[in-house]
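Since the structure is predicted, the reported quantities are computational estimates derived from the model, not experimental observations. Chain A is the first sequence line, chain B the second, and so forth, proteins listed ahead of strands; every chain is numbered from 1.
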Protein chains: 2
Amino acid sequence: MFRALVVEDQTLMRLALMNEVQASFEKCVVLGAETLNIAAVELQNSHFDLVVIDPGLPGFDPTSQGDRVAVVDRIIEASPSAIHIVVTGSDNRCEADGFRQIGAAAYLGKTGLAPGVFSDVLDDISTKGFSLRLSRAVMTKPDYRFSVLTPREHEAIDMMAHRAPGVKRKEIFSLMADRLAIDAGSAEKYYKQARAKLMRQGHTLPQGL
Amino acid sequence: MFRALVVEDQTLMRLALMNEVQASFEKCVVLGAETLNIAAVELQNSHFDLVVIDPGLPGFDPTSQGDRVAVVDRIIEASPSAIHIVVTGSDNRCEADGFRQIGAAAYLGKTGLAPGVFSDVLDDISTKGFSLRLSRAVMTKPDYRFSVLTPREHEAIDMMAHRAPGVKRKEIFSLMADRLAIDAGSAEKYYKQARAKLMRQGHTLPQGL
DNA sequence: AAAAATAGGGATGGGACCATCCCTTTTTTG
DNA sequence: CAAAAAAGGGATGGTCCCATCCCTATTTTT
């Protein structure tokens, strides 16, 4: 059984990271620790294959580089056989190098760390040994979330909303079919159903229909 | 149709906040903006009932109090009729007062901002006019996430794991029944099923069984 | 004009999860 | 000891979503 630990004080972020880890491993257990103390207890009591760390924890000065390194270093030493991934909101290349030298396998900025990126990071680690993803804002349009749509319908709407100009809808349906491992006809169906729901409720549709 | 906008650069946090907003309103649309520019465009084009803002956005100095106030102020002026909620990782009472004075209805620290808290915050706003929740780490045990368990089974395990000493399981089942609006027998069933699944897979059970 | 793309539906079976009710045996508690 | 609590399971109906296949107009492209 694959075991992972996420050390992050912000609850919503911790739960989201736990979700990402879980999505990357079919069968697994993921623990979440709000403080370094809780993490230390768990690291002492059991073995972990993967540890995700945000160095900005309660009780430490987030602006002190020494404190940040101390947190990560202590965790790495307490779980030498695990893969260690550092996730931070205030990321920079210099700090990334520092954490790499003390044994981290990845350094990720929170901005741009989207659902699914985690799997790519794990791929990077197993092929290149290290993964670096610095923060940068890349969105040009907003995200949408409609409470009337099912997850599948939402994916259809999202992908269509981000369609590049000149691309045919049929091509998006094929892309969607690939990504979700379903039939292109089904993808088309979800899109049409989603669109119909939004129209019925009098919504302003996102750009690109 | 209730319309909300979440302005936050960290993708996972933005999506989580959008989820929280959605969970608080049965029928609604929630938009997410990674940058102030995207937010400004949307605020200009349509009306919003609720805006959630993290003042630490790309392009601004997160340590500059002036920048943080400028971000929030600009958004409040662009949507004077909306409810404005400020969410930040580096929260303090002083900043809370400042944002309150320029019209924010709530000031929330990210640590301790857990699923469900948002509804309480909205209650605070409608009854007292303002909600203040500063960050503080309160957990003493880790979160668990088992990929084999369904959501209901997970809730059963979670609540049982946080059982106070001396409390009977039966009481937890009643509590769970109240919270989820189900039968106490069903709650008991979920707990037993969850426990059996974990035992079958040879898991180390969380404290408290 | 012919071909392709798009919009808009209806119907179907399967699977996962929810919620309930029922049962027996073992352990703990008063 | 007697009663309550707890462990451990079987069976059922309902709902929602997934995925597929089918159909017909209308619009756009070539």
CD of B:Glu42 to CG of B:Leu5: how many Å apart, nearest 0.5 Å?
7.5 Å
If we count only N and O atoms by modelled type, under 3.5 Å, do the side chains of B:Tyr107 and B:Glu95 hold a donor and an acceptor together?
yes
Any residue meeting side chain to side chain contact (heavy atoms under 4.5 Å, CB included) with B:Asp124, in chain and number order, not counting sequence neighbours
B:Lys128, B:Ser131, B:Arg133
If you measure from CG on B:Leu205 to CG on B:Leu198, what distance do you get to the nearest 0.5 Å?
5.5 Å
Mind telling me whether A:Tyr191 and A:Phe173 have parallel, tilted or perpendicular rings, with 30° and 60° as the class edges?
tilted
If you take any heavy atom closer than 4.0 Å to DNA chain D, which residues from residues 186-203 of chain B end up in contact?
B:Lys189, B:Tyr191, B:Lys192, B:Arg195, B:Ala196
What residues from residues 150-183 of chain B pass a heavy-atom cutoff of under 4.0 Å to DNA chain C?
B:Thr150, B:Pro151, B:Arg152, B:Ile182, B:Asp183
Please say which of A:Lys189, A:Arg195, A:Lys197 ends up in a side-chain hydrogen bond (donor to acceptor under 3.5 Å, both in side chains) with A:Glu153.
A:Lys197
Side chains of B:Ser186 and B:Arg152, donor plus acceptor under 3.5 Å:
no
